[in-house]
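Here is the structure we will look at, set down as structure tokens.
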Amino acid sequence: MAIAEWRQKLIQGELSSLELVDEHISRIKKIDQKLHAFLLVNEEKARATAKKIDEARASGESLPSLAGIPIAIKDNLCTKGIKTTCSSKMLENFVAPYESTVTKRLWEAGGLLVGKTNLDEFAMGSSTETSAFGATLNPWNIKRVPGGSSGGSAAAVAAGLCVAALGSDTGGSIRQPASFCGVVGMKPTYGRVSRWGLVAFASSLDQVGPFTSCVSDAAEILQVIAGKDPKDSTCLDSPLPDFSELFTKPIQGLRIGLIKECFHQEGLNKEVKESVLNAAKKLESLGAEIIELSCPRFNDGIETYYVIAPSEASANLARYDGVKYGFRYEGEESLASMTAITRAKGFGNEVQRRILIGTYALSAGYFDAYYKKAQKVRTLISRDFKNAFKKVDLLLTPTSPTTAFHSGAHDDDPLAMYLSDLLTIPANLAGLPAISLPCGFDHLGLPIGLQLIGNVLEESRLLQVAYHYEQEANVMNKHPEGDFIRS
Ligand code: GLN
């Protein structure tokens, strides 16, 4: 059910907030031993807050938009008084002394924190397998990964363990897991949403966004979390539209671009391609004009990202030194060896790999050859998009070249894992808003995701087209029904 439907039931008294929370928490208890979407379940506090909301409602108070709605939060967003681990041994016992702006806004809007969700360590990965606390599994097929890095949030929404969730997207970490788990996932324009209290991975790319079961819910959550924040100097001071304002407007005459380079990939799964092209036809039948165009630098996104993101990560992760935060390896006499062993034992392999690559790319002799060059290519990629948006209103691609892959499939091959973000990374490099929504299933019954990329600050346009597609295609009424969900 959509948030609006839950809200209606709550307002009409068909259901109390406490009942709604209890329903979700008992589902988590039943199902999550198998999925491992959650690292922490916030049972007592969620129930206590739900009771307060019920009392307020009973006394006739008018309540904000998300009052009583159970929401899960990726465990790289700081929640005051509750652990924030980033799925890393480094922060295993870290309790943030402050609340992130996005979560603060959700709680002010009446949302209830049901729990913190699993992720790839420090959001580095595409499968949620690099979590130091064990992988999350895909609710559609538990032999498969849920995608990543926000795999816990995606799996939680797909399995009905919460109504909505937040994730973060640096190179695709909201959209790719949304696509693997058959839910809606949105990355807003860079700067649309505050990063205050989001543990930094690559600061020029990171954005927080929603996971929901339908497009109108994505608009609702975005409405609450978006907007200027004096605590984040990169957060934009632009007027906030009503993100659902265009839902009632037909998409007649809108121009939608198919990026040639995306559809001629070697690694693009046939069923994914077919399903996404069918979605384009559907949009055409709704009156949109489909235009094929070229973004020549699109496929350079991966190489560019894997220089820039590790470079920024190597700087951001320097703060975990055994002194300021979290884990510290005891017993060493010198500060230097304490720090070195703390970092070697506190970070997992993937995080160490990124720190090494980043440090190398930023070092004096290589800076120009790698980092500076990557920044130049980043500009070229943005320029391609600028040119594309002179011809079309938005762009359409598959979200990921494949459906959910087997757990362990890329264990020995980090490069193969990196390729799963081929189609999502360019939007991060250019700071553009993008959304993934389900558009079909492969022959194994695994969800396929469609990506729409919009021009800067045009979230309303993206949501409009996504909404019309969702209404027309009706893919969303299917749900995962593995044995572990029925049991
Ligand atoms: N999978 C990509 C990476 O490993 C993107 C991660 C993200 O968006 N946080 O870096």
Side-chain angles (χ1 to χ4, degrees), residues 73-77 86-88 117-131 135-136 145-154 165-181 185-188 190 193 195 198-211 301-314 316-317 347-358 361 374 378 399-402 404-405 409-411 413-436 449 451 453:
I73 301 294
K74 186 177 183 180
D75 206 22
N76 61 350
L77 282 161
C86 287
S87 288
S88 179
T117 54
N118 201 10
L119 62 147
D120 282 296
E121 187 178 4
F122 281 99
M124 298 175 191
S126 310
S127 64
T128 317
E129 292 171 296
T130 71
S131 166
T136 296
V145 303
S149 65
S150 318
S153 288
L166 289 188
S168 64
D169 191 310
T170 306
S173 278
I174 293 177
R175 289 158 288 155
Q176 185 255 24
S179 140
F180 281 15
C181 291
M186 182 172 192
K187 180 198 95 72
Y190 182 79
V193 173
R195 290 183 294 115
L198 167 69
V199 178
F201 163 12
S203 311
S204 78
L205 300 157
D206 299 340
Q207 256 309 271
V208 177
F211 284 97
I302 287 261
E303 286 93 332
T304 311
Y305 173 90
Y306 277 100
V307 173
I308 293 173
S311 297
E312 294 186 19
S314 75
N316 277 326
L317 271 60
F347 290 133
N349 288 344
E350 184 58 30
V351 174
Q352 294 195 33
R353 184 179 296 129
R354 308 269 179 127
I355 293 173
L356 287 170
I357 296 173
R378 182 179 191 172
T399 305
S400 172
T402 67
F405 45 84
H410 300 321
D411 276 357
D413 190 358
L415 289 182
M417 183 78 89
Y418 296 172
L419 279 175
S420 72
D421 299 311
L422 184 71
L423 304 168
T424 47
I425 278 174
N428 298 79
L429 290 169
L432 301 172
I435 190 168
S436 176
Q451 174 177 236
I453 304 174

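For ligands, and for the atoms within them, numbers begin at 1 and follow the listed sequence.
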Problem - Min side-chain heavy-atom separation Thr170-Tyr305 under 4.5 Å - result: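 Yes; the side chains approach each other to less than 4.5 Å.
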With a 4.0 Å heavy-atom cut-off (strictly under), which part of [X] contacts ligand 1: side chain, backbone, both or neither?
{"X": "Tyr305", "value": "side chain"}
{"X": "Asp421", "value": "side chain"}
{"X": "Phe122", "value": "neither"}
{"X": "Ser149", "value": "side chain"}

Exercise for the section: Could you tell me if any non-hydrogen atom of Ala309 lies under 4.0 Å from any atom of ligand 1? Expected result: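 Ala309 does not count as a contact of ligand 1 under the 4.0 Å cut-off.
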Practice task
Work out whether the distance between some heavy atom of Arg354 and some atom of ligand 1 is less than 4.0 Å.
Solution key: yes
Handout entry: For Tyr306, atoms of ligand 1 separated by under 4.0 Å from a heavy atom
Key =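 Matching atoms, with element in brackets: 2 (C), 3 (C), 4 (O), 10 (O).
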Problem - Any N or O of Gly172 closer than 3.5 Å to N or O of ligand 1 - result: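 Yes, since at least one N or O of Gly172 sits under 3.5 Å from an N or O of ligand 1.
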Practice task
Please determine if Gly125 has a nitrogen or oxygen closer than 3.5 Å to a nitrogen or oxygen of ligand 1.
Solution key: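 So ligand 1 has an N or O lying under 3.5 Å from an N or O of Gly125.
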Problem - Contacts of Asp120 that satisfy salt bridge (Lys or Arg N to Asp or Glu O under 4.0 Å) - sequence neighbours left out - result: none
Completion exercise
Interatomic distance, CG@Leu422 vs OG@Ser126, rounded to 0.5 Å, equals 11.5 Å
Handout entry: Value rounded to 0.5 Å, distance of CE in Met124 from CD in Glu350
Key = 8.0 Å
Practice task
Name all residues meeting the side-chain contact (heavy atoms from CB on, under 4.5 Å) criterion together with Thr402; count only those two or more places apart in sequence or in a different chain, and write none if there are none.
Solution key: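 side-chain contact (heavy atoms from CB on, under 4.5 Å) check on Thr402 returns Phe180, Ser400, Phe405.
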